[in-house]
Amino acid sequence: MIRLLVDPANAITAMGLALSSIGIDFSIAGFPEIGVAIVLWALLADHFDGVVARRMRGSRSAQTGEVGKNLDSLADLVSAGIFPAVTLIVVGHGSPLCVVCGAVLVVASALRLSFFNVVGSPTGRFVGVPTSWVMPVTAIVFLLRPTLPESIFAKLFAFLLILLAILHVSPVRVPKTAGFMYLVVTAFCVVASAALAFRGAS
């Protein structure tokens with residue numbers, strides 16, 4: 001079973017999952033900005049494991065590819081569902097609102113990912129907003145945190161996560177990330193993670 005991680009695409013997915021776990025630890029320890037900075041790199045792993053898998057098509061076994069597909073969904077659930085939910089609960093000091101919003105996000109993320117595993121995107125577009133949108137929104141909220149009153153920060157974060165949860169399970173059609181957008185996502189993750197890590201460490 002461990003040999004499945006020798007596959008480059010699966011190894012990248014596993015690395016993203018490990019980064020998400022580390023990010024959760026930082027958030028629980030009271031350093032959510034650093035946690036967000038770390039999980040942005042998990043988002044990059046999520047984008048590039050698919051690129052690597054497509055380029056290896058035909059050279060990896062069907063079993064390896066199927067395991068990778070399911071591993072990718074589990075990694076996405078942690079990075080885009082569990083991590084933001086835990087971080088929301090931390091910054092909201094365990095308020096009922098934040099707990100409920102976090103739980104709704106996790107369930108919506110799991111449903112969205114399970115639906116994708118079964119249905120896929122036959123028209124070339126995703127059905128429902130992808131879970132990968134959660135971390136850029138989370139990063140933007142935390143980048144704006146110094147400009148927001150602390151009393152409304154957690155409520156705003158909760159509102160945005162609930163909105164994303166609704167969009168995850170909505171029938172809206174969203175184009176896939178491709179071409180130039182990979183560069184945009186990569187640049188955003190690198191710059192935002194650096195800014196958040198600096199702020200969290202200072």
**Q** Throw together a table of side-chain donor-acceptor distances under 3.5 angstrom for residues 132-148, partners on residues two or more places apart or in other chains.
**A**
from: Thr138; atom 1: OG1; to: Val134; atom 2: O; distance (Å): 2.9
from: Arg145; atom 1: NH1; to: Glu33; atom 2: OE2; distance (Å): 3.0
from: Arg145; atom 1: NH2; to: Glu150; atom 2: OE2; distance (Å): 2.8
from: Thr147; atom 1: OG1; to: Leu144; atom 2: O; distance (Å): 2.7

**Q** Using a 6.0 Å cut-off, check whether atom CZ of Phe198 has over 12 heavy atoms from anything other than its own residue.
**A**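 Incorrect, the count does not exceed 12.
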**Q** Just by modelled atom types, is the Ala42 backbone N or O under 3.5 Å from a matching donor or acceptor in the Asp46 side chain?
**A** no
**Q** Please give me the minimum heavy-atom distance between Cys101 and Ala158, naming the atom from each residue.
**A**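 Reported closest heavy-atom pair: SG-CB, 3.9 Å.
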**Q** So which atom in Val106 and which in Ala85 form the shortest heavy-atom distance, rounded to 0.1 Å?
**A**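 So the two residues come closest at CG2-CB, 3.8 Å.
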**Q** Which heavy atom in Trp41 sits nearest to a heavy atom in Val190, and how many Å separate them?
**A** CH2-CG2, 3.9 Å
**Q** Sequence neighbours left out, what pairs pass salt bridge (charged side-chain N to carboxylate O under 4.0 Å, His left out) with at least one residue falling in residues 74-103?
**A**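 Listed by first then second residue: nothing to list.
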**Q** Looking at Leu105 and Pro84, what are the two nearest heavy atoms and their distance?
**A**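 Heavy atoms of Leu105 and Pro84 come nearest at CD2-CB, 3.8 Å.
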**Q** For Thr131, which residues count as a side chain to side chain donor-acceptor pair (under 3.5 Å) partner, sequence neighbours excluded?
**A**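 If we apply the side chain to side chain donor-acceptor pair (under 3.5 Å) test to Thr131, skipping adjacent residues, there are no hits.
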**Q** Considering all heavy atoms of both residues, which atom of Gly35 and which atom of Ser27 are nearest to each other, and what is their separation?
**A**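 Reported closest heavy-atom pair: CA-OG, 4.3 Å.
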**Q** Got more than 12 heavy atoms from elsewhere within 6.0 Å of CZ, Phe31?
**A**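 Open.
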**Q** Hey, is NZ on Lys155 packed in by over 12 heavy atoms from elsewhere, all under 6.0 Å?
**A**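 For Lys155, atom NZ is not crowded (no more than 12 foreign heavy atoms under 6.0 Å).
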**Q** What are the two closest non-hydrogen atoms of Leu17 and Ala75, and how far apart are they?
**A**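 Of all heavy-atom pairs spanning Leu17 and Ala75, the closest is CD1-CA, 3.9 Å.
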**Q** In this structure, are over 12 heavy atoms from other groups packed under 6.0 Å from Phe126 atom CZ?
**A** yes
